Amino acid sequence: MKSNFFDDVVDLVKLIPYGRVTTYGAIAKYLGASKSSRTVGWVLSSQSIKHNLPAHRVVNRLGVLSGKNHFPNLLYMQQKLEEEGLIITEDKVLNFEKFFWDPNKELTL
DNA sequence: CGGGTGACTCAAA
DNA sequence: TTTTGAGCCACCC
């Protein structure tokens, strides 16, 4: 254990506010490793269920539900987001920029 | 120990 | 403009 990156990702994802989405890159950057966005995705696939993380609020930088294939079913991610007021078209978040939650900016410390 | 993989991203050709 | 290649971090074989 002790993998800070690992734990930090889990912790940060839990902080994503309702009706908002963020990106792997934003999370990675917030943790100081802007280029390890892949690891972020790996953390989700590995711990999202255990920690019950709102992984559906994490998409790639284009607002695409790139990880939907890893959910219980292919519509889970989209349904969850729509349930929170977001609109998904072609596996992409409509007005993604408006709903984008950047920990680096909004999670000001 | 070495090599491969992944829910990504950026830069170069 | 589209397509490649490389980087980065952690896990698995």
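Convention: sequence-line order gives letters A, B, ...; per-chain numbering from 1. Remember, it's a predicted structure, so these values are computed and weren't measured experimentally. Atom set for the values below is all heavy atoms of this structure, side chains included, hydrogens, waters and symmetry mates excluded.
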From the options [options], select the nucleotide whose nearest atom is closest to the side chain of [X].
X: Ala55(A); options: dC9(C), dA7(B), dC8(B); value: dA7(B)
X: Lys35(A); options: dC8(B), dC8(C), dA7(B); value: dC8(C)
X: Ser45(A); options: dA7(B), dT9(B), dC9(C); value: dA7(B)
X: Phe5(A); options: dC9(C), dC8(B), dC10(B); value: dC9(C)
X: Trp42(A); options: dA7(B), dT9(B), dC11(C); value: dC11(C)
X: Ala33(A); options: dC9(C), dC11(C), dA7(B); value: dC9(C)

Does either side chain, that of Glu83(A) or that of Gln79(A), offer a donor lying less than 3.5 Å from an acceptor on the other one? no
For Ala28(A), which contact category applies under a 4.0 Å heavy-atom criterion: base, sugar-phosphate, or nothing?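 No contact.
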So Ser48(A), base contact, sugar-phosphate only, or nothing? Heavy-atom distance under 4.0 Å.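 Here Ser48(A) touches the bases of the nucleic acid.
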Length of the line joining [X]:[atom1] and [N]:[atom2], which is rounded to integer Å:
X: His56(A); N: dA7(B); atom1: NE2; atom2: P; value: 19 Å
X: His70(A); N: dT5(B); atom1: NE2; atom2: C1'; value: 11 Å
X: Lys68(A); N: dC8(B); atom1: NZ; atom2: P; value: 14 Å
X: Arg61(A); N: dC8(C); atom1: CZ; atom2: C1'; value: 17 Å
X: Gln47(A); N: dG6(B); atom1: CD; atom2: C1'; value: 15 Å
X: Leu62(A); N: dT9(B); atom1: CG; atom2: C1'; value: 9 Å
X: Asn60(A); N: dG6(B); atom1: CG; atom2: C1'; value: 14 Å
X: Phe6(A); N: dG6(B); atom1: CZ; atom2: P; value: 18 Å

Does a nitrogen or oxygen in the side chain of Ser37(A) sit under 4.0 Å from OP1 or OP2 of dA7(B)?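 Answer no for this pair, as no side-chain N or O of Ser37(A) is under 4.0 Å from OP1 or OP2.
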Donor-acceptor contact present, side-chain Asn95(A) to main-chain Lys98(A), <3.5 Å: no
Before giving the answer on ring-ring contact (aromatic ring centres under 6.0 Å, His included), spell out for Trp42(A) and Tyr24(A) the whole-Å C-alpha distance, their side-chain angles and the decisive distance to 0.1 Å. CA-CA 10 Å; Trp42(A) 163 78; Tyr24(A) 306 97; over 10 Å; no
dA7(B) versus dT2(C) - spacing of their C1' atoms, nearest Å: 24 Å
Measuring only the P atom in each nucleotide, how far is dC8(B) from dT1(C)? A whole number of Å is fine. 24 Å
Tell me whether Arg20(A) is salt-bridged to Glu84(A), with the criterion being a basic N under 4.0 Å from an acidic carboxylate O.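 Judged by the 4.0 Å cut-off on N to carboxylate O distance, Arg20(A) and Glu84(A) do not form a salt bridge.
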Any side-chain heavy-atom pair from Met77(A) and Val59(A) closer than 4.5 angstrom?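 Heavy-atom side-chain distance check passes, below 4.5 Å.
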What distance separates [X] [atom1] from [Y] [atom2], expressed to the nearest 0.5 Å?
X: Thr22(A); Y: Phe99(A); atom1: OG1; atom2: CZ; value: 14.5 Å
X: Ile16(A); Y: Arg57(A); atom1: CD1; atom2: CZ; value: 7.0 Å
X: Leu12(A); Y: Asp7(A); atom1: CG; atom2: CG; value: 12.0 Å

Here the residues of residues 81-90 of chain A within 4.0 Å heavy-atom distance, strictly under, of DNA chain B are none
So, does the side chain of Ser36(A) form a donor-acceptor pair with the base of dC9(C) at under 3.5 Å?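 For Ser36(A), whose side chain was compared with the base of dC9(C), there is no donor-acceptor pair (under 3.5 Å).
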